*Asks:* 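Attaching a single structure in structure tokens format; questions to follow.
Order of the sequence lines fixes the chain letters, A, B, ..., with proteins taken first and strands second; residue numbering starts at 1 for each chain. Small disclaimer: the values here were computed from a predicted structure and weren't measured.
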Amino acid sequence: MFKPVNSKLNVTEMEDAVLKMWKKREIFKKTLDQREGAPEYVFYEGPPTANGRPGVHHVLARAFKDMFPRYKIMRGYRVSRRGGWDTHGLPVEIEVEKKLGFNNKQQIEEYGVAKFNEMCKDSVFTYIKDWEKLTDRIAFWVDLETAYVTYTNDYIESVWWILKNFWEKDLLFKGYKIVPYCPRCGTPLSSHEVSLGYEDTSDPSVFVRFPLADSPDTYFLVWTTTPWTLPSNVAIAAHPDVDYVTVERKNEGVTEKLILAKSLVEKVFRGEEVKIMDSFKGKKLKGAKYSPLYTFLPLEKSAHYVVLGDFVTVEDGTGLVHQSPAYGADDMEMAKQNDLPVLLTVQPDGTFIPEITPWRGVFVKDADPLIIQELQARGLMFRAEQYTHSYPFCWRCHTPLLYYARESWFVRTSEKREELTRLNKTINWVPEHIKDGRFGRWLENNVDWALSRERYWGTPLPVWECANDSCKHRECVGSVAELSEKAGRDLSELDLHRPYVDEISWKCEKCGDEMNRVKDLIDVWFDSGSMPYAQWHYPFENQEQFKAQYPADYICEAVDQTRGWFYSLHAISTLLNDQVSFKNVICLGLILDGEGRKMSKSAGNIVNPWDVLDAHGADAFRWYLYTATPPGQERRFSSDLVGEVIRSFTLTLWNVYSFFVTYANLDNPQALTVTAPANDLDRWLLSELNVLVRDVTKAYDEYDVTNATRPIEKFVETLSTWYVRRSRRRFWKNDSGSDKQSAYSTLYTALVTVAKLLAPAMPFLAEELYQNLVRSADETAPESIHLAAWPQVMDEFIDESLNREMAAVMKLVSLGHAARQKANRKVRQPLAEAAFSVGNPAERAALLKNADIVQDELNVKRVRLLDAAGEAVSHTVKPLPKQLGQKYGNQFPAIQKAIFALDAEAAAATLLSGKPLEVQVGGETFQILSDEAEVKTHAKEGFAVAEDGAYVAALVTALTPELIAEGLAREFVRRVQDLRKSADLDVADRIELFVEASANLKAALEAHADYVQAETLTTRLSFEAPPADASVVEDAFEGEKVKVGLRKTNK
RNA sequence: GGGCUUGUAGCUCAGUUGGUUAGAGCACUGUGCUGAUAACGCAGGGGUCACAGGUUCGAAUCCUGUCAAGCCCA
């Protein structure tokens, strides 16, 4: 006996019960214990931060993270899934600053870094309970008890070890980074802050002559909007593939030559007649020397020559770009590539340094007109104007921002660009375009990783520097032991955070001065990217675990992680081990609200995941996320869309399940294993089922979530609306024959298999079905569906031609219904005959073989094939463009026309007999083969016919008195069934019927008494007045009147 | 400004190497069926395949450009 199943499903109650069962029996733990020694499938959890509440986008990621480990467990793998928490970084600091009412770093320093960091640490897990609750409720199986935490000393020590490794390979260095900087506030701004402050503003637009070193009266013509950066000029950039020209013109009586991009000549000279002397590609200019405009500062490296860069455009200016590495990011990048000097001319307050003698102490923006005047005086200014463009201002104080070089630490990732790209090519990206697109491009254009942050709460950069300016000896520390040794005391109890680690110092081995830690922290992305190592405190501990858990088979995050975790994992692994750290990755699209807008607090359109979970449960939530859109696409989301899953999918499956259990409990069928069923419906269902197993398994193996889920939906629909619908009577039969057994076994197999296929995606529903269908009958079966084995494809059950035939039968039934509707003949009225036309002999056979199904479904007495001569139909011939177009190319339109001009019936007959059709086009004869044109069948006027392509259904609509009587009986049965239902009878209850009916109806009921009694489980049918204790209904239909009384009996 | 992605019915999505009249589900309307069903069947309305060019006998599909949205970078 199975546990009785209510056809009304309460999803949340069911899920709660399953959650309790999992917890009580420790099923998650058992997925590990029972797979001890099995091959490892490695999953890495990208650590979230727990200082904010989890939202729907977290449910999205966690749903996708969960399904593959579940699948792999069922495939026999061992999957340890360790959780993790990202705990450092600016967002944490900002929360604490808010709490303290701070808005700058000085306030933090005054408050005390120790106290500040203590608060950061405390706030990190503010919402940990929310996270745990949600993770549990959505059934994301991850081990949070042993989760790694990035702020622990062990974790930091592993990160230090990685940095030391980079240091030793000379991959860690100090350089300059260009940051948007507010000279009044004295602080760099984050990109978010910068985007707050863009405004249209008027700046100088100047064209400057740079004299060539060895050609008199010849100049590079260079355009800039920041004259104040000219004193720090070190080079001019040209595009290697752009055409440049030398033009000749008169300037105050002297003939001068100017070099600029060819396409900009007209724009620059504004119609002035100039003579083009010479034309060449930009790459020819490479290395050309010019005389510097200013020589205020000494040069450590060679400078003042032309360099080549792809970033140069010819939209504005002259195609020659002035290079000032300290004050432009492109410029800094060029300086690195070409080993140019970096000239620092501006002080932190935005004024020129004393060495810039003419303008010392002047704010740079105020110096612009002075510099322009000075260049005009020297005859180097070609043109100076004003120019309006969008420029960032400080959102706090409205000062124009400067792009400003700050000292910063870098990881030399650009040196490993090729390795990064090569290894990336071996990763399976879903969706695929990320590999060579977004991520691949990013790697190809890789610049050194700006690692350091001038903040407080994070992993300190383990670099110590000698205080003596002329020594500047630096050391990188790779472990606590090493630090202890250098400091000369045991530091194993030291908190590795600031300010404690800052207090550690020792004597410089070079000069004896004091070695102090540089004050920087490192980028939090370096923390999370180190997790393959640091989660194990590798290499200080757990070397074996690390080996077994590296690299990951699977990771999954949203697309915004391309430059975040995906990159940091990949970069660190490449630089450290020259190996990938993940083999498969699903990159999720972002989640939008129901209107397609981004969810944001300010728009007030955030969906609370708990609202969805409380209303529809976790399975439907998950299922929606898997099936609604391919993973990489952004998706609209609303609670209502999730509710749709319950209606269209969950309940359909649940009702098939409930149907099975209800009747199985009445019948107690014996064996529920399938062998070789004789019934076509069973054979067909098992064939479709195994196709499903095959396809879903393949999709899981390819990380194709859409195709691992959507086909199940389709199958369940067909299971419900065709298999069960057409098999219902087989379960009602009173005997216990083999056909009934076969039906039970088949349906049982389908349900259990579907539950297993569903388990990784809908873990609750799958478990509920499994516990009742499998565990209640077999205590030796695995304790949970999530410990059970994944279904095997049984190829011997797959019969593709059977599947096609059944599809044709369904199609014909559908046309039969359409024909009935056209003829205005309701289904309850039996008709004498339905005749069909089909596409090929196999389908003809299939129709005849399944005639009983078709008869029953359409309520007709006979099913037959339409004769080719076409009693009810006519034909046309439709040329098939695909075949004919490919074969005859541009002759196709003429051939098509010729085919249409033929006598349609004759042409159709030719093709149907398998002979080629001959057409004449312009004196040429073409042979049209039978697979190059389609014969279409059409209804003749006046017949009850429905058609679609080669398929036709035609009904004989004439009614005989016998058919009418049978129709009346069926109408009557319908009334009785309704009465049974409203009297709240059980499906198996037997009844007595009392009927008072008008003459025709009474005659019909007498003629069909057996049918009526069998259908309604009536043990006694009497034409008497109903007794007082009977349920009674009166009705009239088809001109007949009836009064029916119904009474439950014990027989 | 650059890179990547997306744009098909009111909504959510399919649409294969270019090829028949661009499909499905939801929603809506009508109708039928029903002792598993919260369903289901049949039919109907609903489309400038974002827009404009181009290639081709033929374009939702390929190419170029434009527009819109999103993400990342500058």
*Asks:* Once you round it to whole Å, what is the distance between C1' of B:rU34 and NZ of A:Lys981?
*Replies:*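 A:Lys981 atom NZ is separated from B:rU34 atom C1' by 7 Å.
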*Asks:* OP1 or OP2 of B:rA36 less than 4.0 angstrom from a side-chain nitrogen or oxygen of A:Tyr663, does that happen here?
*Replies:*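 For B:rA36, OP1 or OP2 has a side-chain N or O of A:Tyr663 closer than 4.0 Å.
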*Asks:* Among B:rU5, B:rG70, B:rG35, which nucleotide sits nearest the side chain of A:Arg980?
*Replies:*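 For the A:Arg980 side chain, the nearest candidate turns out to be B:rG35.
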*Asks:* How far, in whole Å, is B:rU64 from B:rG45 if one measures between their P atoms?
*Replies:*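 Looking at atom P only, B:rG45 and B:rU64 are 39 Å apart.
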*Asks:* Taking the minimum atom-to-atom distance to the side chain of A:His433, which one of B:rC4, B:rA36, B:rA14 wins?
*Replies:*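 The listed nucleotide nearest to A:His433's side chain is B:rC4.
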*Asks:* Should B:rG1 form a Watson-Crick or G-U wobble pair with both distances under 3.5 Å, which nucleotide is its partner?
*Replies:*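 B:rG1 is paired, partner B:rC73.
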*Asks:* Counting side-chain heavy atoms from CB outward, which of B:rC33, B:rC42, B:rC72 is closest to A:Arg828?
*Replies:*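 Nucleotide nearest to A:Arg828's side chain: B:rC33.
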*Asks:* Taking the minimum atom-to-atom distance to the side chain of A:Phe892, which one of B:rA14, B:rG19, B:rA36 wins?
*Replies:*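 Nearest listed nucleotide: B:rG19.
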*Asks:* Compare side-chain N and O positions of A:Lys882 against OP1 and OP2 of B:rU17 and report whether any pair is under 4.0 Å apart.
*Replies:*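 Result: no.
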*Asks:* B:rG35 P sits how many Å from A:Asp984 CG, rounded?
*Replies:*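 It works out to 16 Å between those atoms.
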*Asks:* Suppose we call two aromatic rings close when their centres sit under 6.0 Å apart. Are A:Phe621 and A:Phe637 close by that rule?
*Replies:*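 Yes, close enough.
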*Asks:* Hey, is the side chain of A:Thr721 poking within less than 4.0 Å of OP1 or OP2 on B:rC40, counting only N and O atoms?
*Replies:*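 It does not, given that no N or O in the side chain of A:Thr721 lies less than 4.0 Å from OP1 or OP2 of B:rC40.
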*Asks:* Between B:rA59 and B:rA22, how far apart are the two C1' atoms, rounded to whole Å?
*Replies:*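 Going atom to atom, C1' in each nucleotide, I get 12 Å.
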*Asks:* For B:rC62 versus B:rU5, give the span between their P atoms, rounded off to a whole number of Å.
*Replies:*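 About 12 Å, rounded to a whole number of Å.
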*Asks:* Please work out whether the ring planes of A:Phe649 and A:Trp623 are parallel, tilted or perpendicular, with thresholds of 30° and 60°.
*Replies:*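 The rings of A:Phe649 and A:Trp623 lie parallel, inter-plane angle below 30°.
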*Asks:* I want to check one thing: is the phosphate of B:rC33, taken as OP1 and OP2, less than 4.0 Å away from some side-chain N or O of A:Arg820?
*Replies:*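 For A:Arg820, the contact criterion (side-chain N or O under 4.0 Å from OP1 or OP2 of B:rC33) is not met.
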*Asks:* For B:rA14, which nucleotide is its Watson-Crick or G-U wobble mate, given both distances must be under 3.5 Å?
*Replies:*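 With both distances under 3.5 Å required, B:rA14 matches none.
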*Asks:* Of the candidate nucleotides B:rU37, B:rC26, B:rU20, which contains the atom at the shortest distance from the side chain of A:Arg728?
*Replies:*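 In terms of side-chain proximity for A:Arg728, the closest of B:rU37, B:rC26, B:rU20 is B:rU37.
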*Asks:* Taking only N and O in the side chain of A:Arg635, is any of them less than 4.0 Å away from OP1 or OP2 of B:rC13?
*Replies:*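 So the side-chain polar atoms of A:Arg635 never come under 4.0 Å of the phosphate oxygens OP1 or OP2 of B:rC13.
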*Asks:* Please give, in whole Å, the distance from B:rC42 P to A:Lys826 NZ?
*Replies:*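 The answer, rounded to whole Å, is 20 Å.
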*Asks:* Give me the distance, rounded to whole Å, that separates B:rC11 from B:rG19 when you measure between the C1' atoms they each carry.
*Replies:*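 Nearest-Å result for B:rC11 against B:rG19 at atom C1': 31 Å.
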*Asks:* Taking atom P in both B:rA9 and B:rG46, what distance in whole Å separates the two?
*Replies:*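 It works out to 14 Å between them.
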*Asks:* How many whole angstroms separate atom CG of A:Leu641 from atom C1' of B:rC11?
*Replies:*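 Answer to the nearest Å: 8 Å.
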*Asks:* Is the distance between the ring centroids of A:Phe660 and A:Tyr748 under 6.0 Å?
*Replies:*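 A:Tyr748 vs A:Phe660: aromatic centres under 6.0 Å.
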*Asks:* Please report the distance separating the P of B:rC42 from the corresponding atom of B:rC4, rounded so that it comes out in whole Å.
*Replies:*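 Those two atoms are separated by 45 Å.
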*Asks:* Below 4.0 angstrom from OP1 or OP2 of B:rC42, is there any side-chain N or O of A:Gln821?
*Replies:*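 For B:rC42, OP1/OP2 do not have a side-chain N/O of A:Gln821 under 4.0 Å.
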*Asks:* Please verify the inter-ring angle class for A:Trp654 with A:Tyr657; under 30° counts as parallel, over 60° as perpendicular, anything in between as tilted.
*Replies:*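 Ring orientation of A:Trp654 relative to A:Tyr657: perpendicular.
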*Asks:* Rounded to the nearest angstrom, tell me the gap between atom CZ in A:Phe649 and atom P in B:rC40.
*Replies:*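 In whole Å, B:rC40 P and A:Phe649 CZ are 14 Å from each other.
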*Asks:* A:Asn446 and A:Tyr567: side-chain donor and acceptor closer than 3.5 Å?
*Replies:*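 Present: a donor and an acceptor within the cut-off.
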*Asks:* Return the pairing partner of B:rU56 with a 3.5 Å limit on both distances, Watson-Crick or G-U wobble; otherwise return none.
*Replies:*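 Partner of B:rU56: none.
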*Asks:* OP1, OP2 of B:rC57 versus side-chain N and O of A:Asn890: anything below 4.0 Å?
*Replies:*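 It does, given that an N or O in the side chain of A:Asn890 lies less than 4.0 Å from OP1 or OP2 of B:rC57.
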*Asks:* Could you work out the separation of B:rG65 and B:rC28 based on their C1' atoms and round it to a whole Å?
*Replies:*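 Looking at atom C1' only, B:rG65 and B:rC28 are 40 Å apart.
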*Asks:* Nearest whole angstrom, please: distance from the C1' of B:rG58 to the NZ of A:Lys887.
*Replies:*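 Atom-to-atom, A:Lys887 to B:rG58, this comes out as 18 Å.
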*Asks:* Taking the nucleotide of RNA chain B with the nearest heavy atom to each, does A:Pro893 or A:Ile434 sit closer to the 5' end?
*Replies:*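 It is A:Ile434, whose closest nucleotide lies nearer the 5' terminus.
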*Asks:* Judged by modelled atom types alone, do A:Ser205 and A:Trp223 share a side-chain donor-acceptor pair under 3.5 Å?
*Replies:*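 Yes.
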*Asks:* Counting side-chain heavy atoms from CB outward, which of B:rC72, B:rG32, B:rU34 is closest to A:Arg970?
*Replies:*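 Minimum distance to the A:Arg970 side chain belongs to B:rU34.
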*Asks:* In whole angstroms, how far is the P atom of B:rU20 from the CZ atom of A:Phe900?
*Replies:*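 Checked: the CZ to P distance equals 13 Å.
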*Asks:* Pairing donors with acceptors under 3.5 angstrom, does anything connect the side chains of A:Asn655 and A:Ser7?
*Replies:*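 No, A:Ser7 and A:Asn655 have no side-chain donor paired with an acceptor closer than 3.5 Å.
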*Asks:* Would A:Phe439 and A:Trp442 count as a close aromatic pair, with their ring centres under 6.0 Å?
*Replies:*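 Ring centroids of A:Phe439 and A:Trp442 are no less than 6.0 Å from each other.
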*Asks:* With rounding to the closest Å, how many angstrom separate the P atoms on B:rC13 and B:rA74?
*Replies:*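 Result for the P pair: 31 Å, nearest Å.
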*Asks:* Calculate the interatomic distance between A:Leu985 atom CG and B:rG35 atom C1'; express it in whole Å.
*Replies:*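 Between C1' of B:rG35 and CG of A:Leu985: 10 Å.
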*Asks:* So, is A:Arg441 near the phosphate of B:rC4, with a side-chain N or O under 4.0 Å from OP1 or OP2?
*Replies:*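 For B:rC4, OP1 or OP2 has a side-chain N or O of A:Arg441 closer than 4.0 Å.
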*Asks:* Report the nucleotide, chosen from B:rA43, B:rC57, B:rG35, that has the shortest atom-to-atom distance to any side-chain atom of A:Ala818.
*Replies:*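 When the side chain of A:Ala818 is considered, B:rA43 is the closest of B:rA43, B:rC57, B:rG35.
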*Asks:* So which nucleotide does B:rC40 pair with, by the Watson-Crick or G-U wobble rule with both distances under 3.5 Å?
*Replies:*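 Because both required distances fall under 3.5 Å, B:rC40 counts as paired with B:rG32.
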